Amino acid sequence: GGYQYFKPEIFLSKSFSELNFNKKGTFEAAKVLITLKNKTNNIIKSIKIEELLPEFVGCENRDIQGSIKPSYVDKLDHITKVTWEIPDMVPGEERIIMYRARARFAVVGELRLPATVVSFKKANLMKKIYSNNLVARPEFIPMTDEEVGEERENEKLHPEGLHKREEKGGDDGKKGSPNTGTKPKV
């Protein structure tokens, strides 16, 4: 029958757990996290998770702790298809898939990963669900805690920008305008 969107049988989410762009704004590497959970009261079987990576992104073939290994990686025209297979999942069971995506050649701008496709069998019916897409843009890179710390240190050493302006402006309450307190406005 049709898919029941109001009550998903499998919880499926996809996110970046790490993301690296270089200084020029080209994508370097990412760790992608896919989470699946059987939300039904039945065992689901023959679960197949398919990830399609754009031409410029490769999947690193190395084990990540706590993750299922890919069953196969197919290099097709302009895309790489990575497939994981899980024989069955009992009710409430959760599985985590992680893989490292690495740039095969430099592409400036955003990284887009299409939806992950999960197919499975429930009561001998084949079903298919799709995850969210993932988009990462260089300017929205979440900084690591270490980098945030470094930024703060730099600010202490060079309190440039707004800090200086406010000091020059004096304490007449009109902060923000660089002219404040120097010349009276005519």
Side-chain angles (χ1 to χ4, degrees), residues 1-21 26-105 107 109-145 148:
Y3 303 135
Q4 292 178 297
Y5 285 108
F6 51 91
K7 187 173 171 253
E9 294 171 299
I10 289 188
F11 167 79
L12 175 61
S13 83
K14 173 170 171 171
S15 59
F16 289 117
S17 67
E18 275 171 31
L19 194 52
N20 302 311
F21 282 88
T26 56
F27 165 72
E28 284 187 340
K31 198 191 245 179
V32 180
L33 179 67
I34 300 165
T35 307
L36 301 159
K37 187 172 185 178
N38 179 0
K39 295 185 78 169
T40 71
N41 299 324
N42 308 82
I43 292 180
I44 54 173
K45 298 189 170 180
S46 312
I47 302 124
K48 194 191 252 183
I49 298 101
E50 291 178 333
E51 187 75 343
L52 296 174
L53 299 175
E55 189 175 19
F56 68 92
V57 178
C59 175
E60 264 187 31
N61 195 3
R62 64 171 205 222
D63 297 348
I64 297 181
Q65 230 180 340
S67 173
I68 308 161
K69 284 185 190 174
S71 306
Y72 31 88
V73 177
D74 299 312
K75 287 199 166 55
L76 310 167
D77 282 353
H78 306 303
I79 52 170
T80 299
K81 183 167 144 191
V82 189
T83 308
W84 293 264
E85 291 177 320
I86 303 170
D88 52 48
M89 283 172 77
V90 299
E93 184 174 356
E94 188 174 78
R95 291 295 188 99
I96 287 173
I97 288 172
M98 275 184 283
Y99 69 88
R100 279 185 181 285
R102 196 162 274 290
R104 291 172 54 209
F105 49 86
V107 171
E110 60 184 26
L111 164 70
R112 279 180 176 272
L113 297 181
T116 304
V117 183
V118 175
S119 54
F120 60 97
K121 223 179 205 174
K122 186 190 162 203
N124 284 332
L125 283 174
M126 282 308 288
K127 304 200 169 196
K128 213 177 238 197
I129 58 167
Y130 298 85
S131 79
N132 50 299
N133 297 319
L134 273 188
V135 179
R137 295 181 186 87
E139 64 270 29
F140 298 139
I141 311 165
M143 283 201 282
T144 64
D145 292 342
V148 171

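Side-chain atoms are counted along with the backbone in the values below, which use heavy atoms only and exclude waters and symmetry mates. Worth saying up front: this structure is predicted, and the values here are computed from it rather than measured.
Taking both residues in full, the closest heavy atoms of Cys59 and Leu53 are given as CB-CD1, 3.8 Å, listed atom of the first, atom of the second, then distance. Heavy-atom minimum distance, Phe105 versus Glu55: CE2-O, 4.1 Å. In this structure, Pro114 and Pro54 approach most closely via the heavy-atom pair CD-CD, 4.5 Å.
The CG atom of Leu134 sits 10.0 Å away from the CG atom of Leu33 when rounded to the nearest 0.5 Å. Here Met89 contributes atom CE and Ser46 contributes atom OG; the two are 13.0 Å apart, rounded to the nearest 0.5 Å. How far CD of Glu28 is from OG1 of Thr26: 6.0 Å, rounded to the nearest 0.5 Å. Note that the CD1 atom of Ile129 and the OG atom of Ser119 stand 9.5 Å from one another [nearest 0.5 Å]. Note: Thr116 OG1 to Leu36 CG = 9.0 Å, rounded to the nearest 0.5 Å. To the nearest 0.5 Å, atoms CD1 (Ile43) and NZ (Lys122) are separated by 12.5 Å.
When each of Leu12, Val118, Ile96, Ile68 is checked for a side-chain contact (heavy atoms from CB on, under 4.5 Å) with Ile34, only Leu12 meets the rule.
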For Ile47 and Trp84, what are the C-alpha separation, side-chain angles and deciding distance, and is it a side-chain contact (heavy atoms from CB on, under 4.5 Å)? CA-CA 8 Å; Ile47 302 124; Trp84 293 264; over 6 Å; no

Thr80 and Arg104: side-chain contact (heavy atoms from CB on, under 4.5 Å), yes or no, with the steps? CA-CA 11 Å; Thr80 299; Arg104 291 172 54 209; 4.1 Å; yes

Any chance you could lay out the side-chain contact (heavy atoms from CB on, under 4.5 Å) test for Leu113 and Lys14, step after step, and finish with the verdict? CA-CA 10 Å; Leu113 297 181; Lys14 173 170 171 171; 4.2 Å; yes

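Contact annotation: the side chain of Phe120 approaches that of Ile10 to within less than 4.5 Å [non-hydrogen atoms, C-beta and beyond]. The side-chain heavy atoms of Lys121 and Met126, taken from C-beta on, include a pair separated by under 4.5 Å. Val73 is not listed as a side-chain neighbour of Tyr99, based on a closest heavy-atom distance of 4.5 Å or more. Looking at heavy atoms from C-beta onward, Phe16 lies in side-chain contact with Val32 at the 4.5 angstrom threshold. In this structure the side chain of Asn42 never reaches within 4.5 angstrom of the side chain of Pro91, judged on heavy atoms.
Within 6.0 Å of CZ in Arg112 there are 12 or fewer heavy atoms belonging to other residues, nucleotides or ligands. For Lys37, the NZ atom sits in a loose shell: 12 or fewer heavy atoms of surrounding residues, nucleotides or ligands are nearer than 6.0 Å.
Salt-bridge formation is detected for the pair Glu50/Lys81: a Lys NZ or Arg NE/NH1/NH2 atom is positioned less than 4.0 Å from an Asp or Glu carboxylate oxygen.
A donor-acceptor contact shorter than 3.5 Å is absent between the side chain of Asp88 and the backbone of Ile44. Within the 3.5 Å criterion, the main-chain N or O of Thr40 finds a donor-acceptor partner in the side chain of Asn38.
Taking the six-membered ring where the residue is Trp, Phe27 and Phe21 present perpendicular rings, their angle passing 60° and hence far from 30°.
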